[in-house]
Amino acid sequence: MSAMTRREFFRKTATDAALAGFLAAGATRAFASPLGLPIGSQTYPHRDRIVKGDFAGLLKDMKGIGIEVIELCNPAYKEFSSLADGKQTRKILDDNGIKCLSAHFTMPSLRQEQGKQIEWAQALGMTMMSTATLSARVTNGMTTLEEVKRAADEYNKIAAAAKKAGLQQILHNEGFENSRLEDGRLTYPVLLEYLDADLVKMQFQMSSMRTVGDPIMYFMNHPGRFISAHMQGVDTTQGMVTSRAGFPPVKPTPEEAAAAAEGRGRGGRGGGGGGGNALAVGEDTVDWPKVFTAAKTGGLKAYFVEQNWDLTVKSVNFLKGLNTT
């Protein structure tokens, strides 16, 4: 083998370094999560493990599949009452390398003891406090403009107190928010007008897109307003559906009852009006690159898969390879 000249040596070294950098960058892109944000999970679908005292084991399993952050529910949810000791819960989180960015707080707990709930959130290191729904009055899927104004005014005051404590209040859309006004308008966009854009940010329920409309539209029309989201797969080919908010409960079919017992069924607590059997993110018809690109304008800071374990694993695997910057 002939000897390599000094010039050839440096040229080869530079080429090898560039190639190594390219390969490393390629590897980073291949496993990057959307917008460079850590992949999160709402813990509500996995609450049975928390009830059974296996919170640490749940976190370990989540960490093992690539989940870095979670969203809890506050101890007012009976299934989460074992997590009432904020310092102890924080230690379990730290021991498993998981951060809790936010939690869902019931409206009664915020009305009656907001100070206590803020202290719990701070002990866990949260930056956001969410509410699943304002639970305002809805009758047969309809509400009134007066009710929207009343609910928004109450939540603005709650959010102002949270801001003073250094926490951002965010609103999900599980029930009331997915209803319609008596004149036929969707409640959700009207509610956005009456909520203080600085005090109250939004957490979009992806399974509700068939009820309240395309998330891309909301993200682009309200820059910086949508800082959080719950992730579910959605079959957009099925068209729009009417929210069941305020309607009498419908007796499930045997198939639906079996699905609910297995933790399948609809995406979130109320399903967000999405309807139909749950789908993993990426096994649906949503154009997720476009959604996340718009979410950057919307101000997305965190997103949480909210599905049963099998679907969570599939959704997380898809999100790991979805690189949008």
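Applying the salt bridge (Lys or Arg N to Asp or Glu O under 4.0 Å) rule to D310 yields no partners; only residues at least two apart in sequence or on another chain are considered. For the ring-ring contact (aromatic ring centres under 6.0 Å, His included) test, no residue two or more places apart in sequence or in another chain qualifies with Y155. Contacts of D48 classified as salt bridge (Lys or Arg N to Asp or Glu O under 4.0 Å), with partners at least two apart in sequence or in another chain: none. With sequence neighbours excluded, no residue forms a ring-ring contact (aromatic ring centres under 6.0 Å, His included) with F304. In this view, K63 and E68 satisfy the side chain to side chain donor-acceptor pair (under 3.5 Å) rule, not counting sequence neighbours. Remark: K91 engages D95 in a side chain to side chain donor-acceptor pair (under 3.5 Å) (not counting sequence neighbours). R49 is linked by a salt bridge (Lys or Arg N to Asp or Glu O under 4.0 Å) to D54, D61, counting only residues two or more places apart in sequence or in another chain. By the salt bridge (Lys or Arg N to Asp or Glu O under 4.0 Å) test, D284 pairs with no residue at all, sequence neighbours left out. The side chain to side chain donor-acceptor pair (under 3.5 Å) check on T133 picks up E177, with sequence neighbours excluded.
Sorted by first and then second residue, the salt bridge (charged side-chain N to carboxylate O under 4.0 Å, His left out) pairs involving residues 126-142 (not counting sequence neighbours) are R137-E147. For residues 214-234, there are no salt bridge (charged side-chain N to carboxylate O under 4.0 Å, His left out) pairs, not counting sequence neighbours.
Hydrophobic cluster membership for M240: none, as no Ile, Leu, Val, Met, Phe, Trp or Tyr side chain comes under 4.5 Å of it.
For the residue pair Q117/N74, the side-chain donor-acceptor check at 3.5 Å is satisfied.
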